[in-house]
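First comes the structure, then the notes that go with it.
We count ligands from 1, going down the list as the structure has it; atoms in each ligand are counted the same way. None of the values given here were measured: they were computed from a predicted structure.
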Amino acid sequence: MDRRDDIPELRGKDRLSVLGRVPLVAETPEEGLDDPTTPVARFFVRNNGLLPEPVEDPETWSIMVDGEVEHPLRLTLAELKSRFAVKTFRMVLECGGNGRSFFTPAAEGNAWTNGGVGCAEWTGISLADVLRAAGPKPSAVYTAHYGADPDKSGSRDAASISRGMRLAKALEEHTLLAFAMNGEPLPFLHGGPLRLVVPGWPGSLSQKWLTRIWIRDREHDGPGMTGLSYRVPVDPISPGSSVEGIPLRILESMPVRSIVTAPADGATYPAGTRQIAIRGAAWAGDDTVVRVALSVDRGKTWVDATLEPLCNRYDWARWAVSLAVPGDGACEIWARATDATGRTQPLAPENWNPNGYGCNAVHRVAITVGPAI
Ligand SMILES: Nc1nc2c(c(=O)[nH]1)N[C@H]1C(S)=C(S)[C@@H](COP(=O)(O)O)O[C@H]1N2
Ligand SMILES: [Mo]
């Protein structure tokens with residue numbers, strides 16, 4: 001796998017694995033996600049196009065809110081900060097394709113393992129407050145997001161990606177226009193000066209370098225909204241089969257998932273070790289994680305981890321447990337989360353779809369106790 005060293009845009013990043021260079025895509029190994037708040041240095045990067053021009057004065061960055069509203073608005077970042085209440089929430093941002101590489105047959109797109117995710121403290125304004133100031137008309141049903149980044153070919157006339165959401169999601173308090181990440185001005189690579197953060201739904205809705213929110217009277221049809229983009233079969237289909245004529249739905253809330261963040265896959269312990277401390281994180285889109293269970297015997301028995309309280313809705317749940325290992329030799333640790341609705345992670349990938357969204361199979365980490373054989 002490519003390392004980051006010779007990619008200038010990734011300077012300052014730590015331990016990311018590069019999945020694509022143009023557009024730039026890099027994920028975090030699971031053990032890089034061991035902090036309660038993911039440091040910027042280890043936050044994954046997903047671009048669909050090229051980078052926009054760097055910005056001289058972030059405070060003069062402006063966005064437009066137009067379409068099905070009574071009062072179209074143009075607001076600079078400075079105006080946003082002074083007119084609306086500033087809030088900070090720790091929230092998960094996860095690429096819709098996270099986990100894709102576990103699907104067989106291979107699905108189209110970047111081969112994410114489990115590291116197309118991070119949980120940062122986002123500071124910004126509720127999009128709802130700005131939309132209320134603009135006054136949605138009764139015809140307003142959907143948003144459409146635009147950013148300043150040129151598309152892959154370098155064209156500024158074509159959006160690199162432009163997705164949108166039902167108005168109800170846009171009006172949630174946690175859907176933010178964010179200008180800071182982990183207490184620092186939003187880094188350029190993560191969409192600075194201003195981006196959307198739409199927690200719980202595919203990361204593609206969280207438009208970086210945000211320039212415009214167009215309120216529409218119908219489902220948005222920009223790049224990333226049509227065809228097979230962010231669409232999955234309503235009912236499971238046989239892996240690799242055609243979706244022609246099959247009812248599809250837009251992927252909204254992301255499915256429940258957990259990762260082991262310590263130990264790292266491949267860790268070794270001294271011979272005779274019988275108790276191992278395991279830590280990780282779990283999240284569940286719009287839902288809440290109620291249980292994380294671990295197995296060292298390939299799913300025969302499960303032990304519950306202790307979940308830490310969340311900072312706020314859409315935070316990930318940090319969890320920890322001490323596990324008894326059966327003896328010296330190799331063993332696999334499996335971690336499985338369950339949400340409040342009772343949905344749990346499959347032991348092997350389910351819900352195959354052509355573009356490989358929402359793969360949430362149980363994370364498995366191999367460890368060895370004693371000398372490796
Ligand atoms: N303007 C713009 N916003 C964008 C994208 C993009 O290519 N351009 N990629 C989206 C996708 S697919 C994801 S998963 C997230 C990734 O955010 P990050 O790079 O800060 O991790 O940004 C989203 N916002
Ligand atoms: Mo994404």
Side-chain angles (χ1 to χ4, degrees), residues 4 7 9-10 12-13 16-20 22-28 32-33 38-53 55 61 63 91-100 107-112 114-122 124 143-156 158-165 175-182 184-213 222-225 229-230 251-252 254 285 355-359:
R4 66 197 179 278
I7 303 178
E9 290 79 6
L10 291 184
K13 288 287 187 184
L16 299 195
S17 299
V18 177
L19 304 181
V22 184
L24 186 57
V25 185
E27 73 169 339
T28 319
L33 295 171
T38 310
V40 170
R42 264 183 265 122
F43 208 93
F44 80 103
V45 179
R46 168 52 165 141
N47 291 339
N48 288 267
L50 308 181
L51 288 169
E53 296 293 327
V55 184
W61 183 269
I63 59 160
M91 302 191 287
V92 172
L93 182 71
E94 182 179 25
C95 183
N98 196 26
R100 178 179 290 131
E108 284 292 321
N110 292 293
W112 299 105
N114 284 309
V117 68
C119 188
E121 278 175 24
W122 306 101
T143 62
H145 315 154
Y146 291 89
D149 46 331
D151 83 347
K152 276 187 277 207
S153 67
S155 163
R156 265 162 219 290
S160 69
I161 186 166
S162 173
R163 303 208 58 239
M165 57 193 156
T175 297
L176 291 187
L177 294 165
F179 53 79
M181 183 178 183
N182 297 350
E184 303 287 336
L186 184 62
F188 179 62
L189 201 54
H190 294 292
L194 188 69
R195 78 176 301 165
L196 271 171
V197 175
V198 183
W201 288 25
S204 51
L205 288 164
S206 297
Q207 194 83 33
K208 303 195 278 188
W209 311 291
L210 185 71
T211 54
R212 180 184 181 202
I213 300 210
M225 291 301 299
S229 291
Y230 298 95
L251 178 62
E252 295 185 331
M254 292 292 289
N355 284 10
Y357 301 115
C359 184

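Heavy atoms of Tyr230 come nearer than 4.0 angstrom to ligand 1 in at least one pair. Under the 4.0 angstrom criterion for non-hydrogen atoms, Ser160 is in contact with ligand 1.
With atom 16 (C) of ligand 1 as the reference point, the heavy atom nearest to it among Arg46, Gln207, His190 is part of Arg46. Of the listed residues (Lys208, Glu94, Lys152), the one carrying the non-hydrogen atom nearest atom 18 (P) of ligand 1 is Lys208.
Under a 4.0 Å criterion applied to the non-hydrogen atoms of Phe43, ligand 1 contributes the atoms 21 (O). Those atoms of ligand 1 that come under 4.0 Å of a heavy atom in Asn47, given as number and element, are 7 (O). Close contacts between ligand 1 and Leu93 involve ligand atoms 17 (O) [criterion: under 4.0 Å to a heavy atom]. Near Ile161, meaning under 4.0 Å from one of its heavy atoms, ligand 1 places the atoms 5 (C), 6 (C), 7 (O), 8 (N). For ligand 1 and Cys95, the ligand atoms under 4.0 Å from any heavy atom of the residue are 14 (S).
A donor-acceptor pair is defined here as one N or O able to donate and one able to accept, closer than 3.5 Å; such a pair exists between the side chain of Asp151 and the backbone of Ser153. With hydrogens and angles ignored, the 3.5 Å screen pairs no side-chain donor or acceptor of Thr175 with any backbone N or O of Val198. Put simply, the side chain of Trp122 never gets that close to the backbone of Val92: no donor and acceptor are under 3.5 Å apart. Side-chain N or O atoms of Tyr230 include none that pairs as donor or acceptor with a backbone N or O of Leu251 at under 3.5 Å. In this structure, the side chain of Thr38 engages the main chain of Cys119 through a donor-acceptor pair within 3.5 Å.
Using a 4.5 Å heavy-atom threshold, the side chains of Pro202 and Arg163 count as touching. Considering only heavy atoms from C-beta on, Arg42 stays 4.5 Å or farther from Leu33 through its side chain. Here the side chains of Ser162 and Met225 are not in contact, with every heavy-atom distance at 4.5 Å or above.
Atom 7 (O) of ligand 1 has Asn48 N, 2.6 Å as its closest protein atom, hydrogens excluded (heavy atom only). Closest protein heavy atom to atom 15 (C) of ligand 1: Gly203 O, 3.5 Å. Summary of contacts: the protein heavy atom closest to atom 1 (N) of ligand 1 is Asp149 OD1, 2.8 Å. The protein heavy atom nearest to atom 10 (C) of ligand 1 is Ser204 CA, 3.7 Å.
For the pair Ser206 and ligand 1, the shortest N or O to N or O distance falls below 3.5 Å. At under 3.5 Å, a nitrogen or oxygen of Arg195, whether backbone or side chain, sits near a nitrogen or oxygen of ligand 1. The N/O atoms of Phe44, backbone and side chain alike, include one that comes under 3.5 Å of an N/O atom in ligand 1.
Ring planes of His190 and Phe43: perpendicular class, angle over 60° (limits at 30 and 60°).
Using a 4.0 Å cut-off between heavy atoms, Leu205 makes no contact with ligand 1 at all.
Residues in residues 91-100 take part in these salt bridge (Lys or Arg N to Asp or Glu O under 4.0 Å) pairs, two or more places apart or across chains: Glu94-Arg257.
Contact between Trp61 and Ala148 at its shortest, heavy atoms only, is CH2-CB, 3.8 Å.
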